Structures are given as C-alpha cells and as structure tokens.
Asks: 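Could you have a look at this structure, given as structure tokens, before my questions?
Everything quoted here is computed from the prediction, not taken from an experiment. Each ligand, and each atom within it, is numbered from 1 in the order the structure gives. Just so it is clear, the values below take in all heavy atoms, side chains as well, and ignore hydrogens, waters and symmetry mates.
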Amino acid sequence: MMEAQEVEVEVEAQAATESGDQQIKLYSYWRSSCSYRVRIALNLKGQNFPLFSKRKKRLKYEYKAVNLLKGEQFSPEFRKLNPVGYVPVLVDGDTLVADSFAILMHLEEKYPQHPLLPPDLQKRAINYQAANIVSSSIQPLQNLAVLKYLEEKVSPDEKIEWVKFHIGKGFSALEELLNNHAGKYATGDEVYMADLFLAPQVYTAIRFQLDMTQFPLLARLHEAYKKIPAFLDAIPEKQPDAPSP
Ligand SMILES: N[C@@H](CCC(=O)N[C@@H](CS)C(=O)NCC(=O)O)C(=O)O
C-alpha cells in the first residue's frame, strides 16, 4: 500500500538541509479536501522560504498515497499513524501529526514563513471560525464514510441532495460571516487559513454540482485562488495518485 512518490514542492531544500530538518512525508489522497488544505500550506510556506528565489533549490516531500477507495486508511499500518483512519497525516522529522487543522498549526509554528494567520486578533478569530465551519459543519457531513453509509442504508438518490444541503447551509453561513471581512481573499488581501479551507471545499461543492451562483463571494474567491500557484499546484488532478485524464 501507499506507494511513495516524491513530489517536489516549493520548499527550499538547501535551507532545510542546512537547518538539519528531515524530510517531510504527507499521507494524502488526491481527492481528499483535508489533504488538499495541507498541500496548499506546504506550497505556500515553501515558496516563501528565504533562499528560494536565490538558489531555486527545492525541498522534496514524499507524497504517500493512501487509496481511500481501496480502504487503505483502515489498514493496521496506516492506523498506527492515525488511529481514526483518516488522511491527511504528516511526518515531519520526529513529529507525527494527523488532522489537517493540527497539521496546519504545526507547520505554522515550525515554519513561520508565509504566516497562515493574520496578526490582527479579530481577523485571526474569523480565520479560525471559517476554518471550523468547513472542518466541523461541512466536510464531516460529506465525508466518504458518511456518503457510503447513506448510499447503502438510505438510498443512492439521497446522497447528492444530502451533500448539497449541508454544503449549502455551511456556505450560506460563510457568505454572511465573510462579507464583512473579505478583500481579495477571505479575510483581506492576503491568503490566510480560511482560504486554505475554502478552496478545497468549493472544489468539492463544484464536483457535486452545487450551484455556486447562490454564493457570489465564495464563487469570486474560487476564481481568485485559480491565480495562485500554491493553490493550483495543490489541486487534486495534479497529485501523483490522480488517475490519468
Ligand atoms: N478532521 C479531519 C478529517 C479527516 C477526514 O475526514 N479525511 C477524509 C478525507 S478528506 C478521509 O480520510 N476519509 C476516509 C473515510 O471516510 O474512510 C481533518 O481535517 O484532517
């Protein structure tokens, strides 16, 4: 299971070697929105690594594909990494951390370049709130395990309606919340944590054919993310375990 494939991310290799850092491993599934959040963070933090523009060297992180459709998340080997059996998991030297929010906080504390949280406390709180609307009130309701259960125990037809209802409810709240705070991005003119949760969630909503015209702010942000390389490189289709087109 979990074929290791090295992916070059925009993190500075030379700097990492000099500081004695060990290689980072990310256990991910191409279409997992939770893994997608972490991929964006790794890209952002890599791109601002101090020596990046001078030497153009890159830190490699090992992309460990976990095939959720084949149930690899339930294997004893994987559950040693994350007992709850979900991706993403990050191994960063001696540190093992699972859950995208915990991983982002670890990256934020260890790699302060390109901060994921704004200095202003009100904006910071809004970032936590928006991130948690996605990670507690939307994504768990449309997770693979939940959809499989619905399909088997209720009806396959219910699945899409269920997903649209719960994403829509969360998106309405996010529109209301962020209307007072958004600039070019969710909480101003810089990309912060809220954006890392929104981009993958909007991607998923579009996959389930949610009508995004109901959510003009989120639709606008989605267009803005398409112009940021760190976001573009993290999209599911560009991951090594994505099926070939
Ligand atoms: N709160 C966790 C949720 C993790 C999660 O739900 N991961 C999904 C993919 S996005 C998963 O591994 N699903 C496998 C399953 O449902 O069996 C996080 O943010 O990392």
Side-chain angles (χ1 to χ4, degrees), residues 1-3 24-44 61 63-92 95-109 116-117 127-154 156 158-160 162-163 166-167 170-171 174 192-208 210 231 234-243:
M1 63 163 274
M2 292 182 283
E3 255 179 61
I24 298 171
K25 294 187 184 91
L26 176 66
Y27 292 79
S28 166
Y29 176 62
W30 68 286
R31 216 149 68 167
S32 147
S33 62
C34 311
S35 307
Y36 188 170
R37 299 165 192 160
V38 175
R39 298 193 300 251
I40 300 170
L42 285 166
N43 292 348
L44 282 172
Y61 78 87
Y63 186 104
K64 299 275 214 174
V66 182
N67 190 325
L68 300 185
L69 298 184
K70 288 191 184 156
E72 289 179 352
Q73 69 275 33
F74 305 122
S75 73
E77 194 189 331
F78 183 75
R79 290 185 57 171
K80 275 188 209 147
L81 301 173
N82 186 6
V84 76
Y86 291 144
V87 289
V89 172
L90 188 91
V91 179
D92 182 7
T95 307
L96 165 65
V97 55
D99 193 291
S100 61
F101 190 82
I103 295 172
L104 294 182
M105 293 309 289
H106 164 77
L107 292 174
E108 182 68 354
E109 283 157 10
L116 301 178
L117 291 166
N127 273 272
Y128 288 137
Q129 188 178 349
N132 277 296
I133 290 176
V134 173
S135 73
S136 309
S137 306
I138 303 180
Q139 185 273 335
L141 295 164
Q142 43 106 103
N143 193 14
L144 184 64
V146 170
L147 298 189
K148 203 158 170 263
Y149 184 94
L150 274 178
E151 216 163 30
E152 286 168 8
K153 309 262 179 183
V154 185
E158 279 300 309
K159 187 177 98 171
I160 300 294
W162 168 275
V163 170
H166 287 288
I167 299 182
F171 277 9
L174 286 164
Y192 287 121
M193 185 183 269
D195 300 291
L196 275 58
F197 282 75
L198 289 177
Q201 191 57 60
V202 175
Y203 171 94
T204 306
I206 292 170
R207 181 158 77 84
F208 283 106
L210 188 72
F231 280 64
I235 63 168
E237 289 73 15
K238 285 202 185 163
Q239 305 316 304
D241 54 335

Asks: N/O to N/O below 3.5 Å, does that happen between Ala145 and ligand 1?
Replies: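 Yes; the residue has a nitrogen or oxygen that sits under 3.5 Å from a nitrogen or oxygen of the ligand.
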
Asks: Where's the contact between Phe74 and ligand 1, heavy-atom distance under 4.0 Å: side chain, backbone, both or neither?
Replies: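 For Phe74, only side-chain atoms sit under 4.0 Å from ligand 1.
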
Asks: Any side-chain donor-acceptor pair under 3.5 Å between Glu72 and Tyr27?
Replies: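 No, no side-chain donor-acceptor pair sits under 3.5 Å.
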
Asks: I'd like to check Cys34 versus Tyr86 (side-chain heavy atoms, cut-off strictly below 4.5 Å). Are they in contact?
Replies: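 Cys34 vs Tyr86: side chains apart.
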
Asks: With only distance considered, is Asn143 within less than 3.5 Å of ligand 1 through an N or O on each side?
Replies: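 Looking only at distances, the answer is yes, because the N/O contact criterion of under 3.5 Å is met.
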
Asks: Gln73 heavy atoms, cut-off 4.0 Å: which ligand 1 atoms fall inside?
Replies: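 Listed by number with element: 14 (C), 15 (C), 17 (O).
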
Asks: Can you name the closest pair of heavy atoms from Phe197 and Phe101 and give their distance?
Replies: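 Phe197 and Phe101 have their closest heavy atoms at CZ-CD1, 3.9 Å.
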
Asks: Can you tell me the protein heavy atom closest to atom 11 (C) of ligand 1 and the distance?
Replies: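 Protein heavy atom with the smallest distance to atom 11 (C) of ligand 1: Tyr86 CD2, 3.4 Å.
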
Asks: Which atoms of ligand 1 sit under 4.0 Å from any heavy atom of Arg37?
Replies: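 This gives 19 (O) as the contact atoms.
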
Asks: Please compare Asp99, Leu144, Val87 and report which has the shortest non-hydrogen distance to atom 4 (C) of ligand 1.
Replies: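 When every heavy atom of Asp99, Leu144, Val87 is considered, Val87 comes closest to atom 4 (C) of ligand 1.
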
Asks: Could you go step by step and tell me if Ser33 and Tyr203 meet the side chain to side chain donor-acceptor pair (under 3.5 Å) rule?
Replies: CA-CA 8 Å; Ser33 62; Tyr203 171 94; over 6 Å; no

Asks: Measuring from atom CD of Glu108 to atom OH of Tyr192, what distance do you get when rounded to the nearest 0.5 angstrom?
Replies: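 Those atoms lie 9.5 Å apart.
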
Asks: Report, in ascending order of atom number, the atoms of ligand 1 lying under 4.0 Å from any heavy atom of Pro88.
Replies: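 Listed by number with element: 20 (O).
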
Asks: State the CE-CG distance between Met193 and Asp195, to the nearest 0.5 angstrom.
Replies: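 These two atoms lie 11.0 Å from each other.
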
Asks: Could an N or O of ligand 1 be found under 3.5 Å from any N or O of Cys34, whether backbone or side chain?
Replies: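 Looking only at distances, the answer is no, because the N/O contact criterion of under 3.5 Å is not met.
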
Asks: Please state which protein non-hydrogen atom is closest to atom 6 (O) of ligand 1 and give its distance, to 0.1 Å?
Replies: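 Nearest neighbour among protein heavy atoms for atom 6 (O) of ligand 1, to 0.1 Å: Gln139 NE2, 3.0 Å.
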
Asks: Side chain, backbone, both or neither: which part of Lys148 has a heavy atom under 4.0 Å from ligand 1?
Replies: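 Neither; nothing of Lys148 gets under 4.0 Å from ligand 1.
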
Asks: Quick check: closest heavy atoms across Val38 and Leu104, and the distance to 0.1 Å?
Replies: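 Heavy atoms of Val38 and Leu104 come nearest at CA-CD2, 4.1 Å.
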
Asks: With a cut-off of 4.0 Å, which atoms of ligand 1 are near a heavy atom of Ser33?
Replies: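 Counting from 1, the qualifying ligand atoms are 10 (S).
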
Asks: Just to confirm my output: which protein heavy-atom neighbour is closest to atom 9 (C) of ligand 1, and how far is it?
Replies: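 Looking at atom 9 (C) of ligand 1, the protein heavy atom closest to it is Ser32 OG, 3.5 Å.
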
Asks: Can you tell me how far CZ of Phe231 sits from CG of Leu196, rounded to the nearest 0.5 angstrom?
Replies: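 These two atoms lie 5.0 Å from each other.
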
Asks: Is it the case that atom NZ in Lys238 sees more than 12 heavy atoms from other parts of the structure closer than 6.0 Å?
Replies: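 More than 12 within 6.0 Å, yes.
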
Asks: Would you check the N or O atoms of Ser100, main chain and side chain alike, for any that come under 3.5 Å of an N or O of ligand 1?
Replies: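 Yes - when backbone and side-chain N and O of Ser100 are compared with those of ligand 1, one distance drops under 3.5 Å.
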
